[in-house]
Every structure is written in C-alpha cells, then in structure tokens.
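For reference, the structure is listed below as structure tokens.
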Amino acid sequence: MNKQPIGVFDSGYGGLTILNELVNELPEYDFIYLGDNARSPYGTRSFDVVYDYTLEAVEQLFSMGCELVILACNTASAKALRSIQQKDLPKINPNKRVLGVIRPSVEEVDRLTTTKHVGILGTVGTVRSNSYPLEINKLYPDISVVQEACPMWVPLVENNEFETDGGQFFIKKNIDNLLEKDPLIDTIILGCTHYPLLKKEILNYLPERVNLVSQGEIVAKSLHNYLFRHPEMDIRCSKNGEREYLTTEFVDSFEEKASRFLNSNLQAKHISY
Ligand code: DGL
C-alpha cells in the first residue's frame, strides 16, 4: 500500500497534545508521530543544535513517505522551521512541506484579545528566539506582547510533579512574573506543547478576565484549512485513519508517559536515525 501519513514531530511527548487535536479534526488521515525523546528537551539548546536535530527528524519522516510534516514543537518551530523551509526544502524536495505551530497561533491572536495586550509562556529557547513577538507584530503592530520563559514546567510535566507544592510554586511564580510585566494582558498563549497539561493549575493563578489559549485546536483547524486550500497536497496524504508512534528512546517509558498526554494507551516503536 502506498502510505503517505502526515508526519508530526516533537522533541518528545509534548507534541502529542497537538496530535490529539489533529486526529480529532482530521480522523480519516494517517499520522506518524516521531518523538526525539533521546535528545529532549530542546528548549534549552542552541539554535544550531535544534536546527540539526529537527532537520534530521524531518528527513527521516520524509524517507518514510511523509509529504507533509508538522513541527508540533514550539522550540523547533521557533528555531528551525524557517531555515528548513527556505534553505533545505528546495534541495531535498520542493514539493514536500513542513509547517509549524507558531504561525497558526499568531494569526488567531488578534481575534482573541480585546485589550491588545498578550502574554506568551514558553521554553527558554522559544522566548529567546523572540518568534512570537516578531510574528505577532508583523501581522498586528498594535498588539503589545510580553513573554515569560518557564524552564521548570516541562520537567514538572514529564515527572508528573506539577500537582505537588513544589510544582505549584513554579507555576505561580512564572504566572505572577508574566502578569507583572504587563497587567493589561487579557490573553495568554501556551507557547509550549507540554503546557496544556498544566491548564487547570495555571487557571488557578490567573484572574478570570484572562483568556488562556492552547494551540492544539488552532493548529488542527489551520491544517484542515491548509489541506482544503492545497488539494495538490491533500491528495498526496493517505487516509486510512492509521496512527504510528516512534520514539528515539525507551519504548516502555514512551508508552507510559504518552498515555498521560493522549488519555489513552498506544503502542510505540523504537527508531534510530
Ligand atoms: N516541545 C517543546 C516545545 O513545545 C517543549 C519540550 C522541549 O523543551 O523539548 O517547546
């Protein structure tokens, strides 16, 4: 069978929060998820390293038949997407596509904020890249954007420690810091794929007027729209409703942790490239 699943790449588990919504939105499509758990987290790594790792993963997914790859990782979208799109794709295969998670979220932001003051929560890498403020201000120069890096949040999720007193301390600390930077914020984008798992805890520390935005649904709707606008790509994506999960690390621990992200069990395979 000629299988051409949509590739979904993340540094580890976080992209599963995006995959979940992609599958809800586009259940008939085939998806292959690749988590580079062996080299995660990416959030603290340099531009060059994130770019190299992301390009390797994209090439791997292309070699497995994917015509379209979603970088379901904010850090990879911030640090590697543009170079891959502009520099590598024309050489590898100009008909294939790689899309990220930042642009779809940015496009929605104007619709979500009334005060035109927006906050971004992300990894150190995403915040340092300045991708969100730059992209938002390109489209909406009147929106003011402040950011807060939350380096403890990914480990808190991965180690299931976010409900503990220690976990609550770090969640509150970063939320307070962000709101202090701009008390007029009425919209916060969770600019890291792990953070939707902390939504309940984050909401405890936010005033009611603040709208907390997860990206999954936005990215899924944006992909649906993209496939509608690009029938030449849509026709190349296979549609048997199949999913495959690959990890560069231990399969057992991927399956155990992934079930928390997906709220259901799955079977993964190991991959090295
Ligand atoms: N997936 C990453 C992101 O969305 C978070 C995990 C990591 O640092 O690798 O930024």
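No hydrogens, no waters, no symmetry mates; every other heavy atom, side chains included, goes into these values. Indexing begins at 1, ligand by ligand and atom by atom, following the structure's order.
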Side chain, backbone, both or neither: the part of T44 lying under 4.0 Å from ligand 1 by heavy atom: neither
Heavy atoms only, cut-off 4.0 Å: how does T123 contact ligand 1, side chain, backbone, both, or neither? side chain
Look at the side chain of T248 and the backbone N and O of N37, then say whether any donor-acceptor pair between them is shorter than 3.5 Å. yes
Could you check, using the six-membered ring where one of them is a Trp, whether F261 and H194 have ring centers closer than 6.0 angstrom? yes
Mind checking whether Y195 and W153 have ring centres under 6.0 Å apart? yes
Does ligand 1 have any atom that is closer than 4.0 Å to a heavy atom of S11? yes
Just checking, K79 and F47: is the charged tip under 6.0 Å from the six-membered ring centre and within 45° of the axis? yes
Ring-face cation contact, Y53 with R39, 6.0 Å cut, 45° max: yes
To the nearest 0.5 Å, what is the distance between CD (Q147) and CG (L178)? 9.5 Å
When only distance counts, is [X] in polar contact with ligand 1, meaning an N/O pair under 3.5 Å?
X: Y42; result: yes
X: G43; result: yes
X: T193; result: yes

What atoms of ligand 1 come within less than 4.0 Å of a heavy atom belonging to C192? 3 (C), 4 (O), 5 (C), 10 (O)
